[in-house]
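So the structure is just underneath, and the comments pick up after that.
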There are 2 protein chains.
Amino acid sequence: MKPTILVIDDEPQIRRFMRISLGAEGFSYLEAENAARGLELASSHRPDLIILDLGLPDQDGFTTLQALRQWSRVPVLVLTARDAEEEKVKLLEGGANDYLSKPFGIKELIARVRVLLRDLPGQPPSTGTGTLDFGALVIDPDNHNVYFSGEPLTLARKEFAVLYYLASNHGRLVSHESVLTAVWGETHNEDTHYLRIIVSQLRKKLSDNPDAPEFIKTEPGIGYRFILCPEPSISSDSANPGPD
Amino acid sequence: MKPTILVIDDEPQIRRFMRISLGAEGFSYLEAENAARGLELASSHRPDLIILDLGLPDQDGFTTLQALRQWSRVPVLVLTARDAEEEKVKLLEGGANDYLSKPFGIKELIARVRVLLRDLPGQPPSTGTGTLDFGALVIDPDNHNVYFSGEPLTLARKEFAVLYYLASNHGRLVSHESVLTAVWGETHNEDTHYLRIIVSQLRKKLSDNPDAPEFIKTEPGIGYRFILCPEPSISSDSANPGPD
DNA sequence: ATCGAACTATAAAATTACCGTAAAATCTTG
DNA sequence: CAAGATTTTACGGTAATTTTATAGTTCGAT
């Protein structure tokens with residue numbers, strides 16, 4: 001489904017410019033020439049994003065934004081002719097999501113539109129900031145969710161904690177002790193068998209073959225290493241490139 | 001909980017400036033003087049937002065961003081000395097969430113930081129009034145009314161408070177502690193049995209089968225999650241819920 | 001090469017932790 | 001006080017964790 005963008009601007013040539021540019025980018029397009037009509041369209045058509053020009057003939061831009069924010073949280077990008085910091089701050093704190101001063105490049109406008117649509121709250125399974133996203137594997141500690149190849153994965157608490165700890169240290173070798181301390185606490189930092197069982201269960205759920213593990217590698221006598229970042233080229237013998 | 005901001009910049013005076021300004025705004029502050037150290041801190045401390053200066057000594061800013069985006073979706077605000085549109089577009093499409101050219105006003109920077117933190121996916125869906133309207137379920141805290149499938153529901157005070165708290169965070173996992181703290185207060189934030197009983201009664205009144213709950217899901221050992229698919233109605237053409 | 005020590009993976013049993021709910025006891029509120 | 005709300009107490013069921021046990025692997029010394 002194409003995202004719909006509502007442009008509220010009183011200058012016909014700007015609207016025309018937007019219509020062409022946004023249309024070419026594959027967005028569905030709506031326009032209004034004043035604030036009243038803009039709010040009406042916002043209410044009736046529920047656009048996915050609003051581009052709001054300040055300095056409309058019928059109403060102050062800040063007031064318009066406030067009216068909109070009474071009932072909607074749709075992302076709003078504000079355009080203005082002036083470049084006053086005071087104004088920017090006021091608008092952004094008043095609920096605008098982004099701000100662009102004229103003259104602006106159309107490429108930048110479109111890039112910012114994309115960002116706002118991309119970061120739309122609650123789009124995919126809503127995720128928190130602590131989320132680890134490896135593409136194929138997404139771990140969201142705030143919601144205690146794991147997605148593997150798009151499918152949600154059900155993990156017990158210890159399983160989740162171990163996977164999260166390993167994934168937080170992706171690429172790095174982590175010792176048995178550090179995992180045990182992090183997940184079970186100081187008192188159990190030598191009970192490596194706890195860890196073995198959880199790792200075994202994790203590999204089962206990740207369909208990771210323990211004889212040739214793709215994700216959770218065993219480092220005999222030391223610990224485990226979680227791998228997922230696509231690190232192709234690095235040949236096996238080359239010296240450690242990182243600062244260690 | 002104070003949000004934590006990580007500043008990655010090689011110029012000491014900028015870092016100092018940031019430390020003072022952001023600290024004064026009540027943010028928790030972390031800093032790194034190069035990309036390698038920045039990525040390390042991002043991984044180990046999980047900041048809520050990152051301010052990334054381009055033109056770091058050890059690594060290209062775009063590369064740094066890409067490395068970060070391999071596993072994290074923490075919001076990133078990029079700072080740069082140049083004001084080239086090409087670069088802006090590249091960064092924004094590469095996963096940056098906002099972009100600011102030097103020289104910038106500190107007020108604007110802080111406003112943009114606030115916007116990024118405010119618009120995190122999965123924030124409370126409050127829209128002005130306190131009423132939560134999920135279609136099938138309407139919760140009006142002002143009048144202490146609940147309607148379920150059109151029928152009014154009689155809830156005791158604690159029942160109401162718990163339901164309202166869960167519904168305010170719909171879709172998200174809320175811990176036992178947070179509900180207990182919100183409804184019973186700090187002193188009872190470990191008395192999970194209170195909560196179990198209220199949830200049991202709520203499910204009874206919502207005819208929610210606890211073995212396969214539709215609305216209030218249990219996350220063992222952690223808390224609960226309120227789910228309610230929003231009404232799929234709003235047909236594309238005629239339905240006009242707004243003013244006419 | 002063979003053996004054994006140290007390590008690993010995992011199945012299965014035993015134990016424990018946690019949940020849901022009923023019912024009794026206590027407290028609130030009108 | 002009386003009805004209703006809340007807290008306390010208790011118990012059965014289920015799932016997670018820990019314990020126990022077994023089998024396979026690696027590696028070095030004999």
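Just the heavy atoms: all of them, side chains too, but no hydrogens, waters or symmetry mates, feed the values below. Quick note on labels: first sequence line is chain A, next is B, and so on, each numbered from 1.
- Sorted by residue number, the members of residues 197-211 of chain B with any non-hydrogen atom under 4.0 Å from DNA chain C read B:Ile197, B:Ser200, B:Arg203, B:Lys204, B:Pro210.
- Atom CG of A:Leu195 and atom P of C:dT10 are 13 Å apart (whole Å).
- When all heavy atoms are compared, the tightest approach of B:Ile110 to B:Leu22 is CG1-CD2, 4.3 Å.
- The pair B:Asp58-B:Arg37 does not count as a salt bridge, with every side-chain nitrogen at least 4.0 angstrom from each carboxylate oxygen.
- The aromatic rings of B:Phe134 and B:His170 lie perpendicular to each other, with more than 60° between the two planes, well past the 30° mark.
- Residue order along DNA chain D, read from the 5' end via each residue's closest nucleotide, puts B:Thr154 first among B:Thr154 and B:Asp191.
- Counting to the nearest Å, the C1' atom of C:dT10 and the CD atom of A:Glu159 are 14 Å from each other.
- When each of B:Arg196 and A:Thr218 is assigned the nucleotide of DNA chain C with its nearest heavy atom, A:Thr218 is the one assigned upstream, toward the 5' end.
- Place B:His193 and B:Arg157 on DNA chain C by their nearest nucleotides, and B:His193 ends up nearer the 5' end.
- Of the N and O atoms on the side chains of B:Thr218 and B:Arg203, at least one donor lies less than 3.5 Å from an acceptor on the other residue.
- The cationic atom of A:Lys217 (NZ for Lys, CZ for Arg) does not lie both less than 6.0 Å from the six-membered ring centre of A:Tyr224 and within 45° of the ring axis.
- Using cut-offs of 30° and 60° for the angle between ring planes, the A:Phe215 and A:Phe148 rings count as perpendicular.
- Using a 4.0 Å cut-off, some side-chain N or O of B:Tyr224 falls inside it from OP1 or OP2 of C:dG20.
- Proximity of B:Thr192 to the phosphate of C:dC18: no side-chain N or O atom is located under 4.0 Å from OP1 or OP2.
- Residue A:His176 is in sugar-phosphate contact alone, with no base atom involved, counting any heavy-atom pair closer than 4.0 Å across all strands shown.
- Whole-Å rounding puts the B:Trp184 CH2 to C:dT28 C1' distance at 16 Å.
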### Message
Test salt bridge (Lys or Arg N to Asp or Glu O under 4.0 Å) on B:Asp9 and B:Arg15; report intermediate values, then the result.
### Response
CA-CA 7 Å; B:Asp9 198 310; B:Arg15 291 205 304 274; 5.8 Å; no

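- The span of DNA chain D lying next to chain B, judged by atoms under 4.0 Å from heavy atoms, is bounded 5' to 3' by D:dA5 to D:dT9.
- One interatomic measurement links the two molecules: CD1 of A:Ile216 to C1' of C:dA9, which rounds to 13 Å at whole-angstrom precision.
- Side-chain polar atoms of B:Gln59 and B:Thr64 form a donor-acceptor pair below 3.5 angstrom.
- Looking only at atom types and distance, the side chain of B:Ser178 has a donor-acceptor partner in the side chain of B:Ser175 under 3.5 Å away.
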